[in-house]
Amino acid sequence: MEKITITKATESDLQEILDLQYLAFQFAKKLFKAENIPPLNQKLSELEEEYKSGIVLKAVADEKIVGSIRAKIIDGTTYVAKLIVNPKNQGCGIGTNLLLEIEKYCVTDRYELFTSTRTAKTVRLYERVGYKKFQEKAFNDELTFVYLEKIKE
């Protein structure tokens, strides 16, 4: 794999990012034995709205989008969402670099994100770049979300 470049996504990138999202969240479908996972049901029009109201970054290698991340600033907090990396490219630092890069585009004192307690590997990734758990919420009997934050000093 050639060098990874992280830049702001353009509107013309959104379908490719959505396709990557569907691919990247297949693990969650298997993990939770569920078809109705919001990232797998998102429509292009919804991603376009996220694009207009926040920031979407893309990681590109060999002229293909291999990762992406989204964020939106609300009341001084950057809410980070949908960190995705092509399953073939996971474990190469793309997710870490996307997390660090989003902080350069969204400069706030606090960053927040959430994931499932079942995705321990993802939680460890967030903790490695400075996020700390501050809350857990049960969604249902099968699913609990862990909320993490990073406070800039």
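Everything quoted here is computed from the prediction, not taken from an experiment. Computed over heavy atoms, backbone and side chain alike; hydrogens, waters and symmetry mates excluded. Throughout, residue positions are numbered sequentially from 1 according to the sequence presented.
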Checklist entry - Can you list the steps and then say if I6 with I4 is a side chain to side chain contact (heavy atoms under 4.5 Å, CB included)? => result CA-CA 7 Å; I6 297 175; I4 304 289; 4.3 Å; yes

[X]: partners by side-chain hydrogen bond (donor to acceptor under 3.5 Å, both in side chains), with sequence neighbours left out:
X: D19; value: Q15
X: T108; value: T78
X: D13; value: T10, K58
X: S68; value: none

Distance check, rounded to the nearest 0.5 Å: [X] atom [atom1] versus [Y] atom [atom2]?
X: Q21; Y: I17; atom1: CD; atom2: CD1; answer: 9.5 Å
X: I65; Y: N86; atom1: CD1; atom2: CG; answer: 11.5 Å
X: Q135; Y: F114; atom1: CD; atom2: CZ; answer: 11.5 Å

Next on the checklist: So, using salt bridge (charged side-chain N to carboxylate O under 4.0 Å, His left out) as the criterion, who are the partners of E112 when residues are at least two apart?
Outcome noted: R110

Can you get from [X] to [Y] by hopping between Ile, Leu, Val, Met, Phe, Trp and Tyr side chains that sit under 4.5 Å apart?
X: F145; Y: I74; value: no
X: L47; Y: L40; value: yes
X: Y79; Y: Y131; value: no
X: I151; Y: L113; value: no

Item to check | Pairs touching residues 63-73 that satisfy salt bridge (charged side-chain N to carboxylate O under 4.0 Å, His left out), sequence neighbours left out | outcome: E50-R70

Item to check | Heavy-atom donor-acceptor pair, Y51 side chain to A9 backbone, under 3.5 Å | outcome: yes

Next on the checklist: Taking the side chain as everything from C-beta on, heavy atoms only, tell me whether V85 gets closer than 4.5 Å to V66.
Outcome noted: no

Checklist entry - Linking Ile, Leu, Val, Met, Phe, Trp and Tyr through side-chain heavy atoms less than 4.5 Å apart, which residues share a cluster with I73? => result none

Checklist outcome for this item: Contacts of Y22 meeting ring pair (Phe, Tyr, Trp, His ring centres under 6.0 Å) (sequence neighbours excluded), chain-then-number -> none

Identify each donor-acceptor pair in which a side-chain atom of residues 98-107 lies under 3.5 Å from a protein atom, sequence neighbours left out, and give them as a table.
{"unit_1": "E101", "atom_1": "OE1", "unit_2": "K104", "atom_2": "NZ", "d": "3.4"}
{"unit_1": "E103", "atom_1": "OE1", "unit_2": "K150", "atom_2": "NZ", "d": "3.3"}
{"unit_1": "E103", "atom_1": "OE1", "unit_2": "K152", "atom_2": "NZ", "d": "2.8"}
{"unit_1": "E103", "atom_1": "OE2", "unit_2": "K150", "atom_2": "NZ", "d": "2.8"}

Checklist entry - Residues two or more places apart in sequence or in another chain: which of them pass side chain to side chain contact (heavy atoms under 4.5 Å, CB included) with K43? => result S45, E46

